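Just so you know, ligand 1 is whichever comes first in the structure, and atom 1 is the first atom listed for that ligand. Not measured: the values here are computed from a predicted model. Scope of the values below: all heavy atoms of this structure, side chains included, with no hydrogens, waters or symmetry mates.
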Amino acid sequence: MASSGCSTERGRTSRNASFSGGMDLELVPETGCLSIIVLGASGDLAKKKTFPALFNLYRQGFLQSGEVHIFGYARTKISDVELRDRIRGHLVHGNAASSDLSEDLSNFLHLIKYVSGSYDSEDGFRLLDKEIYEHEVSKNSQEGSSQRLFYLALPPSVYPIVCKMIRHFCMNKSDLGGWTRVIVEKPFGKDLGSAEELSSQLGELFDEQQIYRIDHYLGKELVQNLLVLRFANRLFLPLWNRDNIDNIQIVFREDFGTDGRGGYFDEYGIIRDIIQNHLLQVLCLVAMEKPVSLKPEHIRDEKVKVLQSVPPIKTEEVVLGQYEGYKDDPTVSDKSNTPTFATVILHIKNERWDGVPFILKAGKALNSRKAEIRVQFKDVPGDIFKCKKHARNEFVIRLQPSEAMYMKLTVKKPGLEMSTIQSELDLSYKQRYQGVTIPEAYERLILDTIRGDQQHFVRRDELKVAWEIFTPLLHRIDEGELEPIPYKPGSRGPEEADELLAKAGYIQTHGYIWIPPTL
Ligand SMILES: NC(=O)C1=CN([C@@H]2O[C@H](COP(=O)(O)OP(=O)(O)OC[C@H]3O[C@@H](n4cnc5c(N)ncnc54)[C@H](OP(=O)(O)O)[C@@H]3O)[C@@H](O)[C@H]2O)C=CC1
Ligand SMILES: O=C1O[C@H](COP(=O)(O)O)[C@@H](O)[C@H](O)[C@H]1O
């Protein structure tokens, strides 16, 4: 796995060999050493997602020992060894034990160095810069050609000061093809005002091309497949509109509660945590027009147009819920009004979608864990089968778990009688792509950042319109004008949400259930 010396031919090829390589991306030539700096390295996201994603990229040859170094930075006073011990277990999770794995693990962990310092301390960031610089010098990286990727695995409250410190003390010294990029995590603000303030603060320090606002749903395999599916298949082109589609649901369900993150969650709630970002991003890809090309700006231009076509949310098209027992968490206020469940209907007032409700539903502590897009077609006109038994066509994209796409169809029930039954055309990934490992969303997005591809990241104007849509509703909830309905953990959520779904036109096929095929 390991290679020595900076920018080996292999390293250059593998880091640049993008999925969209043939798609006209202007990739930055790579010549220097890469330093990845995880700020907030002592935290939950860093150990569960960031370091494991880096390890997987390392194992696949996208990060090479000879040219990459990883730095952890946080206030907690621990040594390099202690940081490595904290994350080790999360790196091996899900990987079969083997001698390769333990060798890779040990080599990878040795690439990690920890620097302790506070987020507003000049000394801390000067020390960090010195460590990065020493690494670059040790790899004979030409000054100005090195690449520095800062991953802010931190609460957003410290983004402005941390970005200021990076800007003043940790940038590349000159520009010989090198770069400095910053990945920022959601939530990007709490409402339109705070998001815009944060954007302005960051915008004063970095160009838009240097800021990568990560939304990990954009890194999921089946979310990335949406544009291919829609625009590379003739089949969907004539059907994907208000003439044929009755309603679209985008659903996120989790079968566990706030799971130790009650303090964070209570401040944000399910709309800010899931709907305003993850589900809205999925909606954009489902609803947008064909972009001029696959250039990031062309795609993001189309996403912005979709969001700009969404009129204000009506209170009667919202159902909020809170699971019973949520307030037992000592980090949650006894009087909390925070929704842990929400169904919100959005409309898109354009030629393609006028009249088609987009039903966004998300909830914690429900009866299952899944995320999917459910496109329900209109009834077939002229019912020659004279039986109401055959149900509507539905095209379902299962984002997780058991990634799949299936089309619910009415077919003749096999046998002597002429009767109909609901069945499906099924593309289940595990079965169809045996032996293929679907990459973790974070892996893909970190690699995109290294490659300078912003296609799957949220642009500033996109973020602004997303907040414009939800801010009035969020303010009404914050002011206590809308109360969440209690629901039992392990249930479907409040019954009122199903009633709203029916009012929006969704017709459930009773007695039909899709079972993911097993090998
Ligand atoms: N955890 C998750 O599953 C997900 C998290 N995110 C986002 O990622 C970011 C990081 O999340 P997560 O790792 O859970 O957060 P943590 O609460 O674990 O914080 C990360 C680190 O930041 C430092 N920190 C914590 N609170 C403060 C504070 N008030 N002021 C300054 N520093 C602080 C701590 O390091 P130290 O004290 O050592 O400096 C901590 O280890 C957040 O923006 C979060 O919303 C997004 C998706 C999922
Ligand atoms: O961003 C978040 O996402 C997770 C769910 O992510 P998934 O990839 O497992 O679907 C959610 O649990 C968390 O509350 C939220 O902050």
Side-chain angles (χ1 to χ4, degrees), residues 38-53 72-79 82-83 86-87 90 114-121 124-125 128 150-162 165 182-190 195 198 213-223 250-282 326 331 338-342 362-366 368-372 398-401 403 438-445 458:
V38 181
L39 297 129
S42 55
D44 188 64
L45 182 80
K47 74 174 177 218
K48 285 194 196 144
K49 298 287 184 190
T50 319
F51 285 116
Y73 184 92
R75 297 171 304 186
T76 305
K77 295 207 180 323
I78 46 173
S79 64
E82 282 166 316
L83 176 67
R86 278 182 182 216
I87 61 175
H90 295 273
Y114 182 72
V115 178
S116 169
S118 65
Y119 301 112
D120 56 359
S121 136
F125 281 86
L128 179 62
F150 292 87
Y151 193 119
L152 271 57
L154 285 166
S157 54
V158 291
Y159 289 175
I161 185 66
V162 167
M165 291 291 158
V182 182
I183 300 181
V184 286
E185 267 291 346
K186 59 153 264 257
F188 316 112
K190 283 191 82 175
L198 189 56
R213 297 178 193 85
I214 202 167
D215 181 314
H216 77 277
Y217 265 60
L218 291 177
K220 291 194 185 273
E221 182 66 37
L222 268 78
V223 174
I250 304 173
V251 181
F252 166 96
R253 313 164 77 85
E254 267 180 352
D255 55 2
F256 51 90
T258 48
D259 205 19
R261 294 174 72 217
Y264 152 80
F265 191 88
D266 200 48
E267 216 187 301
Y268 287 89
I270 198 78
I271 297 178
R272 291 181 176 99
D273 191 44
I274 302 289
I275 297 183
Q276 180 270 350
N277 34 69
H278 302 328
L279 300 196
L280 198 63
Q281 284 297 322
V282 172
Y326 168 70
T331 59
T338 301
T340 59
F341 174 100
K364 295 217 171 238
L366 297 178
S368 62
R369 174 181 175 256
K370 70 177 175 189
E372 65 186 18
R398 171 69 68 90
L399 307 180
Q400 65 185 36
E403 288 88 346
I438 294 184
E440 264 284 311
Y442 279 96
E443 261 171 66
R444 203 185 307 253
L445 295 174
V458 181

Is the closest heavy atom of R261 to ligand 1 under 4.0 Å?
yes

For atom 19 (O) of ligand 1, what's the nearest protein heavy-atom neighbour? Residue, atom name and distance, please.
P155 CD, 4.1 Å

Any nitrogen or oxygen of A153, main chain or side chain, under 3.5 Å from a nitrogen or oxygen of ligand 1?
no

Top protein contact for atom 6 (O) of ligand 2, by heavy-atom distance
H216 NE2, 3.1 Å

With a 4.0 Å cut-off on heavy atoms, is Y217 in contact with ligand 2?
yes

Does the protein come close to atom 17 (O) of ligand 1 - that is, does one of its heavy atoms sit below 4.0 Å from that atom?
no

Return a yes/no value for T76: is any of its N or O atoms, backbone included, closer than 3.5 angstrom to an N or O of ligand 1?
yes

Would you say the side chains of N277 and Y217 form a donor-acceptor pair under 3.5 Å?
no

Run the numbers for me: atoms of ligand 2, each under 4.0 Å from some heavy atom of K186, listed by number.
1 (O), 2 (C), 15 (C), 16 (O)

Contact check: L45 vs ligand 1, nitrogen or oxygen atoms, below 3.5 angstrom
yes

Are K186 and D273 within salt-bridge range, i.e. N to O under 4.0 Å?
yes

Heavy-atom pairs closer than 4.0 Å: do any link ligand 1 to the side chain of S42, the backbone, both, or neither?
both

How does R369 reach ligand 2, by side chain, by backbone, by both or by neither, if only non-hydrogen atoms under 4.0 Å count?
side chain

Per atom 11 (C) of ligand 2, closest listed option by heavy atom (E254, E440, K220, H278)
E254

F125 and Y73 aromatic centres sub-6.0 Å:
yes

Give a yes/no verdict on whether any heavy atom in K48 is under 4.0 Å from an atom of ligand 1.
no

Does R75 reach ligand 1 with a nitrogen or oxygen that is under 3.5 Å from one of the ligand's nitrogen or oxygen atoms?
yes

Would you say Y73 contacts ligand 1, with heavy atoms under 4.0 Å as the rule?
no

Among protein heavy atoms, which lies nearest atom 9 (C) of ligand 1, and at what distance?
L154 O, 3.4 Å

Give a yes/no verdict on whether any heavy atom in S157 is under 4.0 Å from an atom of ligand 1.
no

Please state which protein non-hydrogen atom is closest to atom 23 (C) of ligand 1 and give its distance, to 0.1 Å?
Y119 OH, 3.7 Å

Provide, to 0.1 Å, the distance between atom 14 (O) of ligand 2 and the closest protein heavy atom, together with that atom's residue and name.
D273 OD2, 2.6 Å

Test E267 against K190 for salt bridge (charged side-chain N to carboxylate O under 4.0 Å, His left out), laying out the working first.
CA-CA 9 Å; E267 216 187 301; K190 283 191 82 175; 3.8 Å; yes

